[in-house]
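Structure, as structure tokens:
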There are 2 protein chains.
Amino acid sequence: MRYVQRAEYGVRPATSVDESDPLFVQAIARAMRVLSAFHDTGKPLTLNEIAAGSGMDKSAAQRVVHTLRQLGYVQRDADDRGYVPGIRILDHTRDYLRLNPLVSRASPVLLELRRNVRERVDLSLRDGLRLVYAARLQSKRETFFATLVGQSVPIYCTSGGRAVMAHMSDAEVDDVIARSDRRKITPRTITDPDAIRAKVREARQNGYALALEEVLQGEIAIATAILSPGGTPLGAIHIAGSLSEWDAETFCRRFAPLATEAAGALNRF
Amino acid sequence: MRYVQRAEYGVRPATSVDESDPLFVQAIARAMRVLSAFHDTGKPLTLNEIAAGSGMDKSAAQRVVHTLRQLGYVQRDADDRGYVPGIRILDHTRDYLRLNPLVSRASPVLLELRRNVRERVDLSLRDGLRLVYAARLQSKRETFFATLVGQSVPIYCTSGGRAVMAHMSDAEVDDVIARSDRRKITPRTITDPDAIRAKVREARQNGYALALEEVLQGEIAIATAILSPGGTPLGAIHIAGSLSEWDAETFCRRFAPLATEAAGALNRF
DNA sequence: TCAAAAGTATCGCTATGCAATACCTTCGTA
DNA sequence: TACGAAGGTATTGCATAGCGATACTTTTGA
């Protein structure tokens, strides 16, 4: 049984801190750390790997894995060679998506957008320094990872990220830039703070943001921000195509109005 | 802020049992019970509702919710009126999908299938008495719920379910039928054991299964099973369309060969 | 065939997190 | 604008849940 590599452009969620406050239940944190051990792998994990990957001893890992297994959140690999995440996870995926008003409201808008644009259309939601894809309507040919709900990308170097930053104050933008681990994901990833700020200004003027294979070779993407009633950017709508079929100018001329219109439909209540 | 109703055709996961084995960490089970409280609601929950919905007192719910919140698995509703599932859940969704070889292998096949068929194409995986949707490629017009990863449907009355049952022994089929909570989801849901068995035999003969608005009014669906190397059915590929556009016969003639071919591509390694 | 790795089981001690209770805040109604 | 109820937050002493060390069984691959 073959396993797919992990996407090299994935972003780690802000794993932040657990201090010692009296209400914090560390057993729960451990469970989540065990589940998060799978973020870093492309294949099933053994108990010891889980223990190592989540920074606990074998004993602790054993108990946690045992429990999660009983509950269906972890299961044995198809040919019993290691542990993988369990299907019960998807039940919570559904709840998340259903109960997120943005996702449910965006759904018909995205569908409509996808009908006009014949390219990939995504909805992403902001989580700290990253955008997490919550809905993906793929086009004809796609890579597997471009179909994955839950995939995340950095804010600092993506069309969606810059669309989001365009609606933040300069100070906030600087903060995002400063805290981001800015590394070149592709040769064309923009990592220089001033260059990023320039792209953000550009996005503010245009009303949409553009990125050229900064995350994925050969990919062109434009995005528009989705705002809360108060004006805080919550996420973005993306349209992504291939540079083998489009040049930047045509892509923008053709799709920017549609992307803007879609975001507009979501931003006025 | 408006919230969508929960889908009336959802299926509860087998919540089974936790006995008192020494390795079982009940704090983890509680956390998952809290998260599962959202399965039954269409709107954000208050602390007390969570407590009630997961069968624990306010104190316990408080600690668990607090912890899950710190970790990002629960968050406050957009306008701070209650709790909803948190975005960190999607990180695990991604891991589940990535690490499930069936999903990754099926992905290109589904995409290809969707290209030929211009209708909705789904991949579902078996979990006990239900099928859980793991990948969904929607057609032009869709209901919101038909786009949801993690949505689940019963085995006993769906095209996918019967495609799966077609590859089980008669005894196993009887077992599924017996344990299923067979209720009419629509007027056309088939609930009679003998009628179900007849449909399963039909699926065995045809190599695919058919269902006519047994779960959703106006929906026609055919499905083929995906098998493990050993021959156990693991899930199904579905093609779903609208009865306003298709009659059963044409739908089958047109799509059955394609569905069969797609499943075939996955079943031979 | 054998050693190493993976998984399973046991057990006594104490830190963990339980549950009761009380306090603070927000919201809708009068 | 005052009031009551519901929602959310904080504290604390005690019992037990679950920690972690260790040892045993099974599987794997060299």
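So you know, we letter chains A, B, ... as the sequences are listed, proteins then strands, and number each from 1. Because the structure is a prediction, the values reported are computed rather than measured.
Between the side chains of A:Glu172 and A:Ser169, at least one donor-acceptor pair of N or O atoms lies under 3.5 Å.
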Practice prompt. Apply side chain to side chain contact (heavy atoms under 4.5 Å, CB included) to the pair A:Leu68 and B:Met32, showing each step before the final yes or no.
Written response: CA-CA 9 Å; A:Leu68 289 174; B:Met32 296 321 191; 3.7 Å; yes
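OP1 or OP2 of D:dC19 sits under 4.0 Å from a side-chain N or O of A:Arg30. Contact annotation: A:Gln26 reaches the phosphate of C:dT16 (side-chain N/O to OP1 or OP2, under 4.0 Å). Taking 4.0 angstrom as the limit, B:Arg69 places a side-chain polar atom (N or O) nearer than this to OP1 or OP2 of D:dT9. Distances shorter than 4.0 Å separate some side-chain N or O of A:Arg76 from OP1 or OP2 on C:dG7.
Between the side chain of A:Lys58 and the base of D:dG20, no donor-acceptor pair under 3.5 Å is found.
Checked against a 6.0 Å centroid threshold, the rings of B:Phe38 and A:His92 do not count as neighbours.
In this structure, A:Arg63 places its CZ atom 4 Å from P of D:dC19, rounding to the nearest Å. One can place CD of A:Gln75 at 15 Å from P of C:dG7, the figure rounded to the nearest angstrom. Atom NE2 of B:His66 is separated from atom C1' of C:dT16 by 15 Å (rounded to the nearest Å). In this structure, the CG atom of A:Asn48 is 9 Å from the C1' atom of C:dG7, given to the nearest Å. When rounded to the nearest whole Å, the span between CG of B:Leu45 and C1' of D:dA6 equals 15 Å. The distance between atom CG of A:Leu23 and atom C1' of D:dG8, rounded to the nearest whole Å, is 11 Å. Across the protein-nucleic acid pair, B:Met56 atom CE and C:dG17 atom C1' stand 12 Å apart, rounded to whole Å. The interatomic distance linking A:Asp80 (CG) with D:dT27 (P) rounds to 9 Å, in whole Å.
In this structure, the side-chain contact (heavy atoms from CB on, under 4.5 Å) partners of A:Thr46, at least two apart in sequence or on a different chain, are A:Asn48, A:Glu49.
In this structure, A:Arg76 is positioned above the aromatic face of A:Tyr83, its NZ or CZ under 6.0 Å from the six-membered ring centre and within 45° of the axis.
Annotation: of the two residues near DNA chain C, A:Thr46 and A:Ala27, the 5′-most nearest-nucleotide partner is A:Thr46. Comparing B:Gln62 and B:Glu49 by the nucleotide of DNA chain D that holds the closest heavy atom to each, the one mapping nearer the 5' end is B:Glu49.
Of the candidates D:dT9, C:dA9, D:dG7, D:dT9 carries the atom nearest the B:Tyr83 side chain, counting heavy atoms from C-beta on. For B:Ser59, whose side chain is taken as the heavy atoms from C-beta onward, the closest listed nucleotide among D:dT22, C:dA20, D:dT11 is C:dA20. Checked against C:dG28, D:dG8, C:dG7, the side chain of B:Leu47 finds its nearest nucleotide in D:dG8.
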